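Both backbone and side-chain heavy atoms feed into the values below; hydrogens, waters and symmetry mates do not. One is the number of the first residue; the rest follow in order along the sequence. As the structure is a prediction and not an experimental result, all values here were calculated from the model.
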Amino acid sequence: MKCLVAILVCVVLAEGIVKIPLRKHKSMRQALREKGIELPYQDPALKYQPYVLAGSANMYINNYADTTYYGAISIGTPPQSFEVLFDTGSSNLWVDSVYCTTQACKFAVFHLFSYTTHTHQSFYLPYGAGSLYGVFGYDTVNVGGIVITNQEIGLSTNEPGQNFVVAQFDGILGLAYPSLAAGGETPVMDNMISLNLLNADIFAFYLSSGEQQGSELSFGGVDTNMYQGQIYWTPVTAETYWQIGVQGFQINGQETGWCSQGCQSIVDTGTSMLTAPSQFMASIMQAIGAQESQNGAYMVDCSQINNLPTLSFVLSGVTFPLPPSAYIIQQNQNGYEYCSVGITPTYLPSQNGQPLWIFGDVFLRVYYSVFDRANNRVGFATAA
């Protein structure tokens, strides 16, 4: 039993771990496509280029159109439940609020109480075909029984366009480092750490494949039922996003040499695809035998999936292979099966100028991922 002294509440944490089920939903892009709306391509790495305007804090949410894994938290007293995206690629918590009167906020909004503190500091989140505006406030947040009082929260005031109307989530809970938090706000994870609410200052993700449910986020420890073999660790190279070094990239076991002078990768649960440096995309697609479609997606013959190459990354001396079943996305639309490549380009380098990869859900469905704030490292193990 762990006692949350700050609020005089005790909760039993099974095996010292708090487990939050993540549900898989239809993505924004898919829902809009079914309405005949095609979202334009946005460079996923734009999310990692925050900027600030006078009097406001700004955060990009460019690449959430394809994310599908969400979990529940509650805010306020009495508690109100919200489905949020747990995002290792950002640091703030924001949700729909009663301040928001646009259509996207119609069904799930946070109703403020007299003791909900709100500030006059605003934030703005540019998004592919729309934007989101809000103000910061403070209230009690409950994440799987871990309760934080006076947690900073972004409260949306305007969600124009169709993007958030079809979204299956009510907000985003960022799990990156505090240096990225817009407005200088303290992230949820950092409050958990400072209040000593965790058995260990780590969290871990298991993301299910295909249409399967069973995805999970755990706080305070790893769930040994969700991976097999050992966890291989690699150090964080910049305490901003969960950025790590990549020493090699292989196609069917053959080293390309593209990362011989070093590459970087951001491990991001808020990005659905595997993202490759743009200068490597043509060679990767040629090796896969993919053809570019009219909307910019790369397609392959579904009958040839088993003949496609394995792509591998070398991290701290350990090779992590991605078979074609991991990076090829099979979908059915109007009775027609089509197969697209779950790899998209980025045209921006890492902060140190090295080529930048993004390990999104395509990679994280294959490997159980552990984020260790105490030792500033990321661990990967083969998912169960």
Side-chain angles (χ1 to χ4, degrees), residues 44-45 47-48 86-91 174-180 189 193 198 200-207 217-224 226-251 253 255-271 273-277 280 310-323 326-327 343 346 349-384:
K47 178 182 177 181
Y48 312 129
F86 289 93
D87 178 26
T88 60
S90 67
S91 298
L175 291 167
Y177 282 84
S179 59
L180 292 179
M189 182 66 181
I193 292 171
L198 302 174
D201 295 337
I202 67 175
F203 57 91
F205 281 88
Y206 170 79
L207 302 182
L217 164 62
S218 64
F219 286 96
V222 299
D223 186 343
T224 55
M226 294 300 182
Y227 67 91
Q228 51 191 343
Q230 71 180 90
I231 298 173
Y232 295 95
W233 297 97
T234 190
V236 167
T237 56
E239 294 177 23
T240 50
Y241 305 97
W242 288 93
Q243 182 174 302
I244 59 176
V246 177
Q247 293 78 47
F249 177 72
Q250 303 170 358
I251 299 177
E255 177 56 55
T256 62
W258 298 342
C259 295
S260 60
Q261 300 300 311
C263 290
Q264 298 292 305
S265 181
I266 293 173
V267 187
D268 187 0
T269 58
T271 295
M273 303 294 183
L274 173 68
T275 299
F280 305 152
T310 295
L311 309 178
S312 302
F313 293 91
V314 179
L315 311 174
S316 295
V318 179
T319 301
F320 294 87
L322 286 180
Y327 65 79
I343 304 174
T346 178
S350 63
Q351 291 178 337
N352 68 1
Q354 293 181 344
L356 177 66
W357 302 79
I358 303 173
F359 290 174
D361 296 346
V362 164
F363 185 91
L364 298 175
R365 281 190 286 265
V366 180
Y367 295 102
Y368 184 76
S369 54
V370 187
F371 301 81
D372 184 350
R373 278 290 299 272
N375 298 290
N376 292 315
R377 59 182 183 170
V378 179
F380 297 110
T382 301

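- Scored by the ring-ring contact (aromatic ring centres under 6.0 Å, His included) test, Tyr206 finds no partners at all (sequence neighbours excluded).
- Residues satisfying the ring-ring contact (aromatic ring centres under 6.0 Å, His included) criterion with Phe320, sequence neighbours excluded, are Tyr367, Phe380.
- Remark: the backbone N or O of Phe249 is paired with a side-chain donor or acceptor of Thr256 at under 3.5 angstrom.
- Qualifying side-chain hydrogen bond (donor to acceptor under 3.5 Å, both in side chains) partners for Thr234, counting only residues two or more places apart in sequence or in other chains: Ser316.
- Judged by distance alone, with hydrogens and angles left aside, the side-chain atoms of Thr88 form a donor-acceptor pair with the main-chain N or O of Val267 at under 3.5 Å.
- Without hydrogens or angle criteria, Asp268 side chain to Gly89 main chain gives a donor-acceptor distance under 3.5 Å.
- Atom OG1 of Thr382 and atom OH of Tyr232 lie 7.5 Å apart (nearest 0.5 Å).
- Between Phe313 and Trp357, the two ring planes are perpendicular [angle over 60°; tilted spans 30° to 60°].
- For the atom pair CD1 (Ile266) and OG1 (Thr275), the distance works out to 10.0 Å, reported to the nearest 0.5 Å.
- Remark: side-chain polar atoms of Ser350 are paired, donor with acceptor, to backbone N or O of Gln354 under 3.5 angstrom.
- Between the side chain of Thr310 and the backbone N or O of Pro323, no donor-acceptor pair lies under 3.5 Å.
- Residues passing the side-chain hydrogen bond (donor to acceptor under 3.5 Å, both in side chains) test with Ser265: none are found, sequence neighbours excluded.
- Residues meeting the ring-ring contact (aromatic ring centres under 6.0 Å, His included) test with Tyr227, sequence neighbours left out: Tyr368.
- Ring geometry for Phe371 versus Phe203: interplanar angle under 30°, hence parallel rather than tilted (30 to 60°).
- In this structure Asp372 satisfies the side-chain hydrogen bond (donor to acceptor under 3.5 Å, both in side chains) test together with Asn375, Arg377, sequence neighbours excluded.
- Rounding to the nearest 0.5 angstrom, the gap separating the OG atom in Ser369 from the CG atom in Leu217 is 9.0 Å.
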